[in-house]
Amino acid sequence: MWSLSFAPLIPLPLLIGLSMLAALAAGAAIVLAGRSAILRALALVVLTVTLADPSLVFEDREPVKDVVSVVVDRSASNRLSDRSAQSQAAQAEIERQLRGIGNVESRIVEVRDAQGSGDGTRLFEALAASLADVPSERVAGAIVVTDGLAHDTPPTAEALGLRAPLHVLTTGREREIDRRIVLVDSPRFGIVGKDQTVRLRVLEKGGPGRAALTVRRDGEIIARREVSVGQTVSLPVRIDRGGPNVIEIEAAPLDNELTLANNRAVITIEGVRDKLRVLLVSGEPHPGERTWRNLLKADANIDLVHFTILRPPEKQDGTPINELSLIAFPTRELFQVKIKEFDLIIFDRYANQSILPLVYFDNIVRYVREGGALLIAAGPEYAGAQSLARTPLGQILPAIPDGSVIDEAYRARVSEPGKRHPVTRDLPGSEVEPPQWGEWLRMVGARARTGSPVMTGPGERPLLMLAREQKGRVALFLSDHAWLWARGFRDGGPHLDLLRRLGHWLMKEPDLEEEALRAVSRNGYIEVERQTLGDNPAPVVVTGPDGQSRSVPLEPGRPGLFTARIPTGEFGLHRIAGDNLTAFASVGPENPRELMEVVSDPGQLRPLAEATGGSSRRIGQETSSDVTVPRIVPVRSGSQFAGSDWIGLRISDSGIVRGVQISPLFVGLIGLALLFGALVAGWLGESGRRFNRKPDAAA
């Protein structure tokens, strides 16, 4: 390739000044001397050009290909309906056409879900990365196959940094139908027993304008409501228990809807107990009385109310009332007026001495069945005529005394059901036989009625019974010697582990549920854990964000625990259900941005594409699965790269210079000859003019 270059022999400003003076001198000479001065002007031009030192440059160039980036959206929203097939067909057609254009290199980039980021479709990050090593003059353009829903769209064409046309080919169809839930305000924490308000809107395209909402808490339906589309709705949700409360809000589906994944919003609200209120009633002073008190007082989150019955009604010793330093037992206030304010009621070696009227025991039964918790720590009084089993409490107690009291040394043992129960499973010291803990010296004989004997005494008699009573829970400890472990008697035992777990189970700590289903997403897997007292739990059904379900069997692990590890690459919320239990595992965020809005839209990226000279258009057909990909045309000049049925690529004809040959034009003999010739021509021209001049008429 030939070109002309200049290397001035004097500084460029001086050369420009001399050129201007030469032009003025030549112009003046022509005006004054006429055409004879043209040759002199030519000599000045030759002199000026010689000082500019022009050269002919020959470049040995090797052509290089221009680069076009083809970005194909493989995210979750562009896999809905038949968009994936449309994208595949469009990609194949684009590649076929690009192969027919000479000197163009295509780079295919597939954009998939960014696991765990929640940032949606990152089309333009992928586009920039694909062209990062290409000089801007070699970029012919970019073709993006997508549903039009990108979440990293630059605000302007300048911010895009693409000096070539951007063409957007949009999948999907014109009249798509979809309904979605948009969370406006969702709390993350709530006080147990109080309501939290969730604010949301239902948006839809192609629906009737009214939507039925179903609200679930931990898989249980707690509310149904019909709302107007587009309006902000406030939903009160009761926080039922401590720990995570999974709130699921689902809108009824529409006919022929694109996806049901965005019909559901999931919020995890952490239930926080303001203060756990515990009522401890000790029937009489005994060596283990302070064990319960010390344990409960050590927990700053527990508000303890403790009464010890030191003076039963029948005790009459003549002491004046004004000299008694005792507080009257406020039975009516505790067991009738404020009973529902307590999370747990404990009777420690309490005998029915007519202090509490029978109606108050009826109140306790009702309190338990409505969700309260009751613990009986029994001593010898439980076997006698004043036993609590002979009061209305007997109908909810898990074991009935047989009248015997066993006074002998024995080691408490974890029963077979207890090895599976979270209260006593893996209790330190229970892993060997006999257990590595101290002996107890007394227990009350009883017959199990309901519930599970998680610990046993001599002769496999029930020692610790746990039972559910409708919405509440009951625990029965058939020994008053747990304090021996606390005192270190014969090396003691794990009294803190046992009693704390027992108290937390009674107060419905989620981690101590004996029947529970848990799931967590970790490193591309959903890890499922099933806690049960049974031997053979049913397989769990895993439902993905796309609505597809599969059954997964559980493998036995530790006693009472069954697990499964499920590989998944699908971004979004997965629902795991089995044995009327439900758990959720979110691969990525709970409400993924990628599936919040799924209706395809070529208009979202049109302003950006047109600002680069490109275009944005829909390629999906309304009535068939075919796609219409416009002709791809190479364009070497102009600012518009699109028409009604074509899209253009900017072709630059770039190349790599392999060698350069420079030939000076006015240096050496050639320059001297031209300058000398111009001067001689000017002299001869001037001489000829004088020779041919006619004599003066006067002469």
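The environment of D255 atom CG is sparse: at most 12 non-hydrogen atoms of other residues, nucleotides or ligands sit within 6.0 angstrom. No more than 12 heavy atoms of other residues, nucleotides or ligands lie within 6.0 Å of CD in E220, so this atom counts as exposed by the packing criterion. When the shell of 6.0 Å around CZ of R217 is examined, it contains more than 12 heavy atoms from other residues, nucleotides or ligands. Counting heavy atoms of neighbouring residues, nucleotides and ligands inside a 6.0 Å radius, atom CG of N301 exceeds 12 of them.
Residues R420 and R425 approach most closely at O-NH1, 3.1 Å, considering heavy atoms. Between H306 and S282, the closest heavy-atom pair is NE2-OG, 2.9 Å. Contact record, L258 with L80: O-CD2, 4.4 Å, taken as the closest heavy-atom pair. Across every non-hydrogen atom of H151 and R122, the tightest pair is O-NH1, 3.1 Å.
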Q. Taking it one step at a time, do R179 and E257 satisfy salt bridge (Lys or Arg N to Asp or Glu O under 4.0 Å)?
A. CA-CA 7 Å; R179 171 180 283 170; E257 193 172 353; 5.9 Å; no
Q. After noting the C-alpha distance and the side-chain angles of E469 and R369, does the key distance pass the salt bridge (Lys or Arg N to Asp or Glu O under 4.0 Å) rule?
A. CA-CA 6 Å; E469 181 65 27; R369 288 174 172 170; 3.0 Å; yes
Q. Could you walk me through whether K419 and E416 pass the salt bridge (Lys or Arg N to Asp or Glu O under 4.0 Å) check?
A. CA-CA 5 Å; K419 293 177 181 177; E416 286 302 317; 3.1 Å; yes
Q: Check the pair L279, F335 against side-chain contact (heavy atoms from CB on, under 4.5 Å), reporting the backbone distance first and the verdict last.
A: CA-CA 10 Å; L279 173 61; F335 295 103; 3.8 Å; yes
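For the pair R173 and D82, the salt-bridge criterion is met [side-chain N within less than 4.0 Å of a carboxylate O]. E513 has a carboxylate O that lies under 4.0 Å from a charged side-chain N of R473, or vice versa, which qualifies the two as a salt bridge. Between E248 and R264, at least one side-chain nitrogen of the basic residue sits less than 4.0 Å from a carboxylate oxygen of the acidic one, meeting the salt-bridge criterion. Ionic pairing of D511 and R501 is not present here: no N-O contact between side-chain nitrogen and carboxylate oxygen is shorter than 4.0 angstrom. Ion pairing of R530 with E515 is present here, as a side-chain N (NZ or NE/NH1/NH2) and a carboxylate O approach within less than 4.0 Å. A salt bridge links R210 with E226: at least one charged nitrogen is closer than 4.0 Å to a carboxylate oxygen. Between R447 and D402, no side-chain nitrogen of the basic residue sits less than 4.0 Å from a carboxylate oxygen of the acidic one, so the salt-bridge criterion is not met.
P244 is listed as a side-chain neighbour of E270, based on a closest heavy-atom distance under 4.5 Å. You'll find the side chain of R349 stays beyond 4.5 Å of the side chain of Y382, heavy atoms only.
With values rounded to the nearest 0.5 angstrom, N294 atom CG is found 13.0 Å from D299 atom CG. In this structure, the separation between CD1 on I267 and CG on L183 is 5.0 Å, given to the nearest 0.5 Å.
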Please list, one pair per line, the donor and acceptor atoms closer than 3.5 Å that link side chains of residues 549-566 to other protein atoms, with sequence neighbours excluded.
{"unit_1": "S549", "atom_1": "OG", "unit_2": "T543", "atom_2": "OG1", "d": "2.9"}
{"unit_1": "R550", "atom_1": "NH2", "unit_2": "P567", "atom_2": "O", "d": "3.2"}
{"unit_1": "R558", "atom_1": "NH1", "unit_2": "D426", "atom_2": "OD2", "d": "2.5"}

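In this model, no donor atom of one side chain and acceptor atom of the other lie less than 3.5 Å apart for S452 and H421. Checking T391 against N352 by side-chain atom types alone, no donor-acceptor pair falls below 3.5 Å.
The aromatic rings of F477 and W292 sit perpendicular to each other, their planes meeting at more than 60°, with 30° as the lower class boundary. Between F361 and F347, the ring planes lie tilted relative to each other; the angle falls in the 30° to 60° range.
Considering N245, V192, I222 as possible partners of D240, the one that fulfils the side-chain contact (heavy atoms from CB on, under 4.5 Å) test is N245.
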